[in-house]
Each structure stands twice: as C-alpha cells, then as structure tokens.
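As the structure lists them, so they are numbered: ligands from 1, and atoms in each ligand from 1. Numbers here simply count residues along the sequence, with the first being 1.
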Amino acid sequence: MSEMNSEKGEILEVSHVNNYYEDTGLGIFAKRQKRQVLSDVSFTIHTDEFFGLVGESGCGKSTLGNAILGQLPFEGTIRVGGMEYSKSDRRKFTEKVQAVFQDPMSALNPRMTIGSTMREPLRAHNIGTREEQIRAVNDMLEKVGLDASYADRYPRELSGGQRQRVCIGAALMLQPELIIADEAVSALDVSVGAQILNLFHEIDAGADFAMLFISHNLNVVYYLCDRIAVMYRGTIVEIGSAEDVYHHPVHPYTKLLLAAIPDFTSRIEDDGTGTLADIAKANAQFEVRNEDPEGACCFYHRCPYANSECLKRPSLTAVPTTDSEEHRAACRLAAEQPSAQVDEKGSVAEAFQSTC
Ligand SMILES: Nc1ncnc2c1ncn2[C@@H]1O[C@H](COP(=O)(O)OP(=O)(O)OP(=O)(O)O)[C@@H](O)[C@H]1O
Ligand SMILES: [Mg+2]
C-alpha cells in the first residue's frame with residue numbers, strides 16, 4: 001500500500017459537487033422533478049494514494065465515479081491532474097483517468113480478441129509501432145497474472161476473474177494517473193475476488209497511479225486503501241485514514257456499517273466504551289423516523305441519537321479524539337463520542353465475509 005503523504009501532489013480534486021437526476025414520472029401530465037443525488041461532495045486524492053469510497057446501495061457512489069469520468073453533468077469542480085473534463089480534451093483526459101467496472105463481460109467487446117482489446121488504447125492514442133504495442137500487451141498480460149497466449153482468445157473463453165484481469169490490464173495500458181474501480185470485485189466469488197484484490201496490491205507496489213476504489217464493503221476498502229470516505233445519501237459523513245475510520249469510527253452511520261459486519265462486534269477490544277455494540281443494539285431497537293426534514297442531517301431519519309440540534313445539517317469537522325487532522329465527520333456527536341476500538345486488520349478472506 002502506498003504511503004499516505006499529504007505533501008504529495010493531488011491527482012483528484014472534487015470540490016463542492018452536487019448532482020441531480022430528473023424523475024420524469026409517468027403520463028403526459030407528470031411533472032418533472034429534480035432529485036438531488038450528490039450533495040456538496042468535496043475530497044482530494046493524492047498521487048499514488050488508494051482511496052476508498054464506501055456506502056450502501058443507491059447512496060451515489062457510481063454517480064460520483066461517472067461524474068469524475070466526465071459522463072454526467074454536475075455542479076461544482078472536478079479536476080484530474082489539474083485538468084477539468086471537457087469534450088475537446090477528451091483524449092488527453094482518458095490518458096489520465098481510466099475505469100474498471102463490476103461486470104467485465106459487458107466491458108469487453110465479445111468480437112475482439114483480448115490482444116486487440118488491450119492494444120486498442122495504444123492504437124487510438126498512436127503510441128508505438130505495431131510490434132511495440134504487441135510487446136506492451138504481452139508484458140501487461142504477464143503483469144496481471146495471465147500470459148501472452150491469452151492475447152488470441154475471446155472474452156467468452158475466459159473465466160470471470162481472468163476477464164477482470166484483462167479489464168485491469170486494459171485500464172493500465174495508457175499508464176493513467178487515476179483508476180476508478182467501481183465494485184470491481186463485487187461480482188466475483190470470494191477466492192477469485194481475493195486474488196483480484198491481491199493483484200491491485202501487487203500492481204500498486206510497482207506502479208505510479210492513484211485509485212478511487214468504490215465498494216459497499218467496508219472490510220474490502222479497509223484492506224486495500226490508505227484513506228476512506230463513507231457516503232450516506234450522497235453526502236460524505238466521515239473521512240480519514242483507513243486506520244481512523246475503521247478503528248476509531250465516530251459517525252453513527254460508519255459504526256452501523258461496521259456493526260453490520262458479521263462477528264465484527266465480538267472483535268471490538270473491551271475498552272469500556274462498547275460503542276459499536278451499543279449502536280448495533282440501539283439500531284435494532286430504533287424505528288426509522290417518518291419525518292425527513294429538509295436541511296436536517298442526512299442520517300436524521302435513521303439515527304437513534306438524533307435530536308433537535310440535528311435539524312441543521314452538520315458540516316465535516318475535524319474529529320478531536322484522533323491525532324490525524326485528516327479525520328473528519330459530519331455529526332454533532334463527533335466531538336463528544338468516544339471512538340470505538342477495533343482489533344487488527346483481518347485477512348483478505350475475512351475482507352470478503354461482510355456484505356455491509
Ligand atoms: N440515470 C439515472 N436516472 C435517474 N436516477 C438515477 C440514475 N442513475 C442512478 N440514479 C439514482 O441515483 C441514486 C444513486 O445511484 P448510484 O448508482 O450512484 O448508487 P450506488 O451508490 O453506486 O449504488 P450501488 O452500490 O447499488 O451501485 C439512486 O437513487 C439511483 O436510483
Ligand atoms: Mg454503483
């Protein structure tokens with residue numbers, strides 16, 4: 001895993017990003033309604049850093065990923081390597097940022113051999129002679145744990161894990177500065193997913209790129225990433241080093257995600273706070289509120305600890321209980337609650353046991 005170093009340059013800057021979808025409704029008299037999905041999202045990713053974005057289904061993770069890729073309109077600013085996406089600079093932009101998605105089969109052209117698929121980015125960007133391109137593809141196949149013989153095969157002749165290796169290799173061909181991996185291991189079974197996670201680890205050691213790793217699984221993100229942002233309803237509710245977020249969570253939603261991991265609460269060190277166990281119990285007894293007042297904390301309707309102070313949305317503020325200035329949470333309780341203590345990092349296999 002790359003060393004986190006805030007003195008390094010920033011490869012991705014996301015600043016005050018909002019995004020809306022329009023619900024069209026049914027029928028000719030249906031009113032079009034704007035629905036906000038991303039709400040004032042800001043964070044940066046440093047060069048070489050692996051950054052995890054975690055949150056439950058529908059919270060807006062892929063929407064953010066697609067906005068960064070220039071595929072969705074949004075308000076605010078997104079810069080990759082200092083550059084904002086524009087259609088006229090599309091070529092230059094794709095050299096900087098590449099993506100790996102959940103379903104490798106739909107990402108690969110079924111009529112193209114693996115070799116042609118992987119050569120395509122080099123061809124499109126006029127990089128090298130034909131022989132050099134073929135050599136680069138063979139080298140990349142080795143790098144992602146396949147070999148040159150796979151170049152002549154078609155996607156249907158590969159397993160799901162091998163296809164995902166091809167997608168990762170294809171994403172790396174242009175030596176991008178940022179890779180967005182959106183649920184890249186979620187569709188794979190436990191052991192194959194673990195191998196792909198290990199592959200990300202291996203290529204991280206030898207390469208020079210940052211990664212935005214999107215997942216609903218906090219264990220997987222913790223295993224791979226230097227820093228983590230937790231998203232709820234399109235808002236970042238907690239952000240910090242992987243150690244801080246996983247070992248010293250402060251936002252009730254982060255704690256809820258951790259408490260939902262099987263056997264996780266029994267792994268909490270007994271430091272007298274019992275915070276995660278408490279929140280798991282509090283949530284089990286808590287009935288989701290019907291009210292969802294405008295301008296309130298995004299977690300208000302589900303939070304057992306919410307009170308009238310939470311009717312005003314809290315901003316991300318530094319958590320005073322941890323040393324790192326980078327640890328921030330959007331909760332009035334952040335300053336008051338003792339953070340939970342959790343035991344050491346689990347194995348890669350354990351990383352897959354949870355489905356938060
Ligand atoms: N093209 C679209 N038009 C309208 N609404 C959309 C569209 N795409 C996504 N949404 C809505 O935006 C919200 C966020 O979706 P998004 O796909 O970003 O979630 P996610 O966090 O990636 O979820 P998952 O973990 O299931 O992939 C959801 O409520 C979804 O229904
Ligand atoms: Mg998604």
Please state whether the rings of F209 and F50 are parallel, tilted or perpendicular, taking 30° and 60° as the class boundaries.
tilted
Considering the heavy atoms of E183, write down every atom of ligand 1 situated less than 4.0 Å from one of them.
25 (O)
Could you check whether R123 pairs with E120 (Lys NZ or Arg NE/NH1/NH2 to Asp/Glu carboxylate O, under 4.0 Å)?
yes
What part of M231, side chain, backbone, both or neither, has a heavy atom within less than 4.0 angstrom of ligand 1?
neither
Check: C59 N/O within less than 3.5 Å of ligand 1 N/O
yes
Closest candidate by heavy atom, reference atom 13 (C) of ligand 1, pool G55, S57, G58:
G58
Is any side-chain heavy atom of R156 closer than 4.5 Å to a side-chain heavy atom of P110?
no
Taking atom types as modelled, find out whether Y223 and N198 have a side-chain donor-acceptor pair closer than 3.5 angstrom.
yes
Candidates E22, Q36, K61; heavy atom nearest atom 21 (O) of ligand 1 found on K61
Under 4.5 Å between any side-chain heavy atoms of R332 and N307, yes or no?
yes
Taking both backbone and side-chain atoms into account, decide whether S62 has an N/O/S atom under 2.8 Å from the Mg ion (ligand 2).
yes
Numbering as shown, the atoms of ligand 1 that approach V37 to under 4.0 Å (heavy-atom distance):
12 (O), 13 (C), 14 (C)
If we number the atoms of ligand 1 from 1 as shown, the ones under 4.0 Å from a heavy atom of T63 are 14 (C), 15 (O), 16 (P), 18 (O)
Measure the acute angle between the ring planes of Y232 and H301, then classify it against the limits of 30° and 60° as parallel, tilted or perpendicular.
tilted
Answer yes or no: is there a side-chain heavy-atom contact under 4.5 Å between L38 and F74?
no
Is atom 30 (C) of ligand 1 in close reach of the protein, with a heavy atom under 4.0 Å away?
no
Identify, for atom 9 (C) of ligand 1, the protein heavy atom at the shortest distance, and state residue, atom and that distance.
Y21 CE1, 3.4 Å
Among protein heavy atoms, which sits nearest to atom 17 (O) of ligand 1, and what does the distance come to when rounded to 0.1 Å?
S62 CB, 3.8 Å
What is the distance from atom NZ of K96 to atom OG1 of T94, rounded to the nearest 0.5 Å?
11.0 Å
Identify, by atom number and element, the atoms of ligand 1 in contact range of G60, meaning under 4.0 Å from any of its heavy atoms.
14 (C), 18 (O), 19 (O), 20 (P), 21 (O)
